[in-house]
Each structure stands twice: as C-alpha cells, then as structure tokens.
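As structure tokens, the structure follows; a few thoughts come after it.
Residue numbers start from 1 in every chain, and the chains themselves are labelled A, B, ... in the order their sequence lines are given, proteins ahead of strands.
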Number of protein chains: 2
Amino acid sequence: MAGKVAERRAALRENLVLIAERTIAQQGLSALRARDLASEAGCAVGAIYNVFGDLTDLVLTVNARTFHRLGADVAEALADAPQDPVEQLVIMAQAYHRFAAENHLAWRALFDVERARGEAAPDWYLEEMGRLFTYIADPLAVIFPGRAPDEHALLTRALFSSVHGIVLLGLDQASSGVPTEDIDRMIALVLRQFTASAK
Amino acid sequence: MAGKVAERRAALRENLVLIAERTIAQQGLSALRARDLASEAGCAVGAIYNVFGDLTDLVLTVNARTFHRLGADVAEALADAPQDPVEQLVIMAQAYHRFAAENHLAWRALFDVERARGEAAPDWYLEEMGRLFTYIADPLAVIFPGRAPDEHALLTRALFSSVHGIVLLGLDQASSGVPTEDIDRMIALVLRQFTASAK
DNA sequence: CCGTATAACTGAACTATGTTCAATAGAGGG
DNA sequence: CCCTCTATTGAACATAGTTCAGTTATACGG
C-alpha cells in the first residue's frame, strides 16, 4: 500500500494543529507543552519533531490559521458595510477589535511567538497583512484623493497600527480593564476625527 | 556593627538590578538567566531569591527604572517644546519613539513580562502611566476645549495607544523594517490629521 | 571577649521544559 | 517470507527557574 506512511503523517499533523489550536485558544501560548501535546495526540514526543521542526513551527502554523480567520472576519465586515468609506474603516476596525476580544489568547499568540533574531516574517504573514492593508487603503484613497501613493501607504500603515495599539492596550489586563464599548468608542473617535478634515 | 547585613543586601540588590538592566538592554529579556546573574554578581543563585521573590520581581524592578527614564525623556521633550499644543503632542510622541528605538530591548521588556493572569499592574506602572497621560491630556484640553471630561480621558488613551501601536509595529522586525523617518512621519500624520479639524 | 540564637548564604538537588537519537517496529520490494 | 530501510519511539540530555537542608556569619547579652 503506497502512501500509508505519508497518510498517517498528514493525519498526525492535522491532529497536532487542532490540539495546539485548542490549547492556545483556551489556555494561551504558554500552556502549550510538548508532552501534553503528544499525550493528547496519542503519539510519542519525538513524533512531533518528525512533522514539525520544533514547537515554534507548530505555533506558526496555528498562527497562520488564526490570521486567516481574522482576515476573513474583517473582509466579511467590509462586505456588509455601507458605501461610506469612513464607515467602512470604522466597521473594519471594530471587526478587528471583535476578533481580538473573542479570540484573545489566539490573537495574542500572533505577536507573542519568539521570532528568531533577524529572521524574515513568513510569507503567509506578509500576504495576509498585505490583504488587510488593501482593505484599509481602498477607502483611504476615496477619503484622501489628493495625496501621493507613498503617503497613502504610510497612512494605511499608520491607521492599522493605531487601531492595533488601541485594541492591544485596551484588552491588556495591565491597563486595568477598559470596557469593550470604550474600545469601540476610541476606534471610532480616532478614525472619524482623523478623517474629519479630509475634504 | 548594626546594619551590616542590610547594607550588603542593599548592595547586592543594587548590583543585581544593574546587571539585569545591562543584560536586558544588550541581549533582551530572554537572555536573563539566574545562574549567569549569580555568577556575574559573585553570589550564589539562592542569594537572588533572598532579595527578590523571583526573577520576574527583578525584571519588574528593572522595568520600573526603564519606565521612569522613558517618562523623564518625554517630560524633557515637552519642556523644550513650543507652546503650540499640537506640536507638543507630536514632539512627545516622537520622544516616545526615540526612546523605544534607542532602548529597544529594554522597552520591549516593559511589555514582555509574563503577567500572572488577573494580577493587578504594579503601582509604579499605573503612576508613571498616569503621568504620561497627563502630559497628553493637557494639550488635548487646549485643542478640544468643548468636550466632556470622560471624552478627554478616552481621547488621551486613544492617542497614546495609537502612537504606541505605530512605534510597536514600526520597530517590529516582522514588519520588515519601517525606516525611522517613516515612523516619525506616521506619528506626525496621525496627530496632525487628528487635530486638524478640532477648531 | 565569648557563647549562643538568629539570620543569611550556599549550591546541590528538584522540577519542568524543549529537543535529540540509539534502539525498535513496521512497511514495501524482491 | 525475508531483508532493507525508514518512521517511530521514549528514555536520556540540555537548560531553565526555584527550593531548602546544611553551613557560615552576624548581632547581642552577659
């Protein structure tokens, strides 16, 4: 029987990803342990290293899926949004917030992976990020028609970073619990105020 | 001789903080190791635990100092700034960026400490953050005189978070190296645009 | 100045973690 | 059916933070 090995490997891989995804979502990145993973998957610890180079590889795989779901949520919100470009920005940003709040630990894991110094970000990360940036850049082009392309790129990145910062610090425990509504208000405040003087 | 013990304890404490500070600044939080620390300080590993509850305590002490230096830098920038409140915001934000860039690993350590779930942020953190917020709130009150106090608080937090997000993602390697000037441009862009329609 | 109670300091040992690799088991070809 | 070769296993290794019984040093009363 050809491919019996490859088949089992693929099944194990899938299984490990699902278990890791659930663990991260429920208990956070730091709760991911090789031995627990192996025991839940019904395999030896070493088997993990036949399928993934190390645990970081596995986490990156989970992160790719998380990031993809995030992108899909934002895209869906955009699809349902009205034509007004400012409203589109607000709705997308609030969808970002909603995803981060509802998938807090998985979302945190996106940024908490130890990136080996100097190592480039994985392709899927850059692609997904590029997609998000496009969602932002399009309404921005409508709102600020007169500006140079490089300024558009800067604006896009700046607004994404701003919303990310608001959500990050807003959801952070250390900031002693900003209510969800306040986070949405801050997002709307910044985006509306930012775009208020455009025309 | 009274206090000989307390004296040595204090000296060891000081020494450990300095060594930890240097290690974090030069090699990052993850390079901080109890055994290295003890060997550099010329004491036993156990001695660290006579002075600090655990390594996180030590890191928090270093972080308090880092945060204090950060606050001082921003305050200094504000003191040298012109009267114009928008300019004041821009200059403070760029000072924040400068500090983060010049003390990258120490600055990262401020946010990378594992906070035990549910544990409150330490007092010094809240105090220093409050000071930073005041620096921001004052010019904002001049720029937006008509708004309610709770909206001012929200605005303050939103702007701080936005700048933080821009600096965070800008300095992040994964974002494939945003040039320093671009970070400053994004900061100025967001703050100027945000405040442009105020009057 | 000495003896004793108290406290601090030591570092080997314990626990927990990711990772490796010699030994084993099993698949696929002849 | 046997043989080879590879995938799989899990005990062992490396490296962490942390603990604590034993040791050493201090402070203080007499």
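- For the segment residues 15-37 of chain A, residues with any heavy atom less than 4.0 angstrom from an atom of DNA chain D are, sorted by number, A:Arg35.
- Atom P of nucleotide C:dA7 and atom CZ of B:Arg9 are separated by 12 Å, given to the nearest angstrom.
- Between A:Thr66 and A:Phe99, the closest side-chain pair of non-hydrogen atoms falls below 4.5 Å.
- The residue from B:Arg131, B:Glu128, B:Glu127 that alone fulfils the side chain to side chain donor-acceptor pair (under 3.5 Å) condition with B:His68 is B:Glu128.
- Taking CD1 of B:Ile143 as the start and CG of B:Asp138 as the end, the distance is 11.0 Å to the nearest 0.5 Å.
- Note on ring orientation: taking the six-membered ring where Trp is involved, the planes of A:Tyr125 and A:Phe67 are tilted (angle from 30° to 60°).
- Listed by chain and residue number, nothing satisfies the side-chain hydrogen bond (donor to acceptor under 3.5 Å, both in side chains) test with B:Gln88 (two or more places apart in sequence, or in another chain).
- Only B:Tyr49, B:Asp54, B:Leu55, listed by number, bring a heavy atom of residues 44-59 of chain B to less than 4.0 angstrom from any atom of DNA chain D.
- No close placement of the A:Phe133 and A:His152 rings is indicated, their centers lying 6.0 Å or farther apart.
- By the 30° and 60° cut-offs, the orientation of the rings of A:Trp107 relative to A:His104 is tilted.
- Annotation for A:Asp54 and A:Tyr49: closest pair CA-CE2, 3.8 Å, computed over non-hydrogen atoms.
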